[in-house]
Protein chains: 2
Amino acid sequence: MSRQRTARKPSISSDKSSKTRRPGGLRKISANGRGTIRESNEVRLLQAAETVFAERGFSGATTAEIAARAKLPKANLHYYFRTKAELYRAVLANVLELWLDELDRFTPEREPAEAIAEYVAAKLKWSRMRPNASKVFANEILHGAPFMKSYLSNDLRRRVEDKAEVIRHWIARGKMRPLDPKHFVFQLWAVTQHYADFDVQVRAVLGRGRLTDRDFAAATENISALILHGCLTPSGSR
Amino acid sequence: MSRQRTARKPSISSDKSSKTRRPGGLRKISANGRGTIRESNEVRLLQAAETVFAERGFSGATTAEIAARAKLPKANLHYYFRTKAELYRAVLANVLELWLDELDRFTPEREPAEAIAEYVAAKLKWSRMRPNASKVFANEILHGAPFMKSYLSNDLRRRVEDKAEVIRHWIARGKMRPLDPKHFVFQLWAVTQHYADFDVQVRAVLGRGRLTDRDFAAATENISALILHGCLTPSGSR
DNA sequence: CGACGATCTGACCAAATGGTCAAGTTCTGT
DNA sequence: ACAGAACTTGACCATTTGGTCAGATCGTCG
């Protein structure tokens with residue numbers, strides 16, 4: 001296990017020829033109303049992979065387990081995704097698509113109170129609906145982002161840079177306390193991902209077999225309240 | 001680093017016969033002024049293991065790499081720790097000793113503002129000094145705490161239960177806003193561990209090769225300010 | 001219907017890895 | 001100095017695992 005040693009910089013989708021695979025062949029929309037066999041199998045593999053990678057990490061996951069979960073023979077998995085790393089990259093790319101995102105609610109025209117509350121709610125909703133996506137992402141970063149480094153220091157960095165500007169604007173307008181915008185973003189990330197990534201701990205402390213809707217509602221409210229009280233000025237709260 | 005020899009509460013150390021190891025033998029304080037060979041080798045292995053487990057996770061870590069990092073032959077590693085799992089448990093026990101802890105600053109008599117600020121500072125200090133400890137812990141929980149489940153739902157749960165009581169007391173005294181104590185603790189954990197666990201991401205966004213003292217100082221200040229403004233009432237802030 | 005590419009899959013294989021062992025070497029107490 | 005325990009280590013080994021392959025089978029289109 002634990003290959004990957006070789007430096008990996010490519011921004012994840014070093015996925016050449018996503019349409020044409022193994023023995024080469026073109027994507028056909030074909031008869032079947034809802035996509036090709038390839039499509040459906042790839043989706044099944046990606047879903048299975050997301051779960052297994054979330055549970056076991058990259059090295060701990062075995063292609064055999066992923067294949068089993070997708071109910072396909074292992075050789076078939078390798079037909080669609082040449083290597084475990086390629087499959088992992090595909091999962092990661094999917095996950096990013098989800099994550100990129102919600103921060104876009106931060107625009108200068110909006111009220112910070114509103115934008116932030118929405119962001120927290122949206123992130124927690126994802127944490128509830130796609131906890132595995134969150135875990136795969138967390139695991140990747142936790143181990144030094146061997147597959148994602150370049151994404152972090154390009155895409156993500158720029159995006160945060162942008163949003164920091166918006167936050168500075170809000171501060172200048174007297175709507176937010178004079179905090180460091182980037183650190184503020186880190187804090188938003190931290191609290192919103194905690195419930196997905198460390199759910200075992202949360203559940204243990206709360207004494208729940210699984211987190212309920214009420215738990216997530218409570219989490220959302222508590223986080224929103226804490227963060228909003230923490231970062232808004234009196235004039236910003238309205 | 002004390003080993004787990006001395007009674008350790010966390011269940012983790014399912015380590016029977018801690019004094020006598022492999023071929024059996026008693027611990028001797030002996031001539032050597034500063035501990036036995038065993039002690040020093042165990043420490044070296046534990047340190048090496050902490051690093052490797054943090055970087056690669058449990059499955060990704062190899063006993064060969066750990067041994068190499070400790071500059072001992074692999075067979076020697078297995079002389080001191082029969083299995084990789086046993087070594088891992090020992091590392092985890094060490095880490096817990098660090099973590100358990102800082103929450104004890106929360107006592108009814110103290111001012112919440114003070115206790116919380118201290119807690120944040122202390123946690124961030126650990127995040128800076130022992131990032132690997134934090135990562136090993138995070139990784140363990142991220143993957144469902146296979147080695148720690150019982151610790152979470154016993155020791156940890158009780159501890160949080162206690163501290164929640166303290167927080168409720170503070171709230172009743174009108175010093176803190178009426179928030180959910182447990183969720184508040186989660187939020188404290190989340191923001192303080194973020195800088196250790198996701199340092200790659202933080203560094204990428206901040207554009208740093210490594211986090212400096214100033215970065216940690218900024219993080220500490222920002223977190224403290226956010227949390228304190230977020231949870232204290234006017235009278236709590238005095 | 002026949003051709004041809006896409007898909008499927010059991011059987012394999014080489015490398016990696018956790019763990020063992022037996023034959024030393026070093027310590028320690030007496 | 002000596003016995004016996006503690007420690008060291010190169011050589012091994014069984015298993016696991018990512019990945020390959022060649023020979024089916026299936027689907028589609030002219």
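Residue numbers start from 1 in every chain, and the chains themselves are labelled A, B, ... in the order their sequence lines are given, proteins ahead of strands.
Candidate nucleotides dG19(C), dG18(D), dT9(D) were compared by shortest atom distance to the side chain of Lys84(A), and dG18(D) ranks first. With dT9(D), dT9(C), dC7(D) as the candidates, the nucleotide lying closest to the side chain of Pro73(A) is dT9(C). Taking the side chain of His78(A) as heavy atoms from C-beta on, and the options dC7(D), dG18(C), dT20(D), the nearest nucleotide is dT20(D). In the set dT17(D), dG19(D), dT7(C), the nucleotide with an atom closest to the side chain of Thr62(A) is dT17(D). Of the candidate nucleotides dC21(D), dG19(D), dC8(C), dC8(C) has the atom lying nearest to any side-chain atom of Tyr80(A). With dG19(C), dC7(D), dT17(D) as the candidates, the nucleotide lying closest to the side chain of Ile37(B) is dC7(D).
Every residue two or more places apart in sequence or in another chain that forms a side-chain contact (heavy atoms from CB on, under 4.5 Å) with Asp215(B) is listed here: Leu206(B), Arg208(B), Leu211(B), Thr212(B). A search for salt bridge (charged side-chain N to carboxylate O under 4.0 Å, His left out) contacts involving Glu50(A) returns Arg130(A), not counting sequence neighbours.
Arg44(B) places its CZ atom 9 Å from the P atom of dT8(D), with the value rounded to the nearest Å. Rounded to an integer number of Å, the gap from CG of Asn76(A) to P of dT7(C) is 9 Å. The separation between Glu42(B) atom CD and dC7(D) atom P is 9 Å, rounded to whole Å. Leu72(A) places its CG atom 11 Å from the C1' atom of dT9(C), with the value rounded to the nearest Å. Atom CG in Asn41(A) sits roughly 13 Å away from atom C1' in dC26(D) (whole-Å rounding). In this structure, Glu86(A) atom CD and dG19(D) atom P are separated by 10 Å, rounded to whole Å. Atom CD of Glu65(A) is separated from atom P of dG19(D) by 16 Å (rounded to the nearest Å). Between the CG atom of Leu87(B) and the C1' atom of dG19(C) there is a distance of 14 Å, rounded to whole Å.
Place Ala75(B) and Ala61(A) on DNA chain D by their nearest nucleotides, and Ala75(B) ends up nearer the 5' end. Map Lys74(A) and Leu77(A) each onto its nearest nucleotide of DNA chain C; the residue landing nearer the 5' end is Leu77(A).
Residues Val95(A) and Ala133(A) come closest through the heavy atom pair CG1-O, 3.4 Å.
Of the side-chain N and O atoms in Arg82(B), none sit less than 4.0 angstrom from OP1 or OP2 of dG19(C). Proximity of Tyr79(A) to the phosphate of dT7(C): a side-chain N or O atom is located under 4.0 Å from OP1 or OP2. Between Thr83(A) and dG18(D) there is no side-chain polar atom (N or O) within less than 4.0 angstrom of OP1 or OP2.
With respect to the salt-bridge test (charged N to carboxylate O, under 4.0 angstrom), the residues Arg159(A) and Asp104(A) qualify. Between Arg210(A) and Asp199(A) there is no salt bridge, since none of the side-chain N atoms of the basic residue sits less than 4.0 Å from a carboxylate O of the acidic one.
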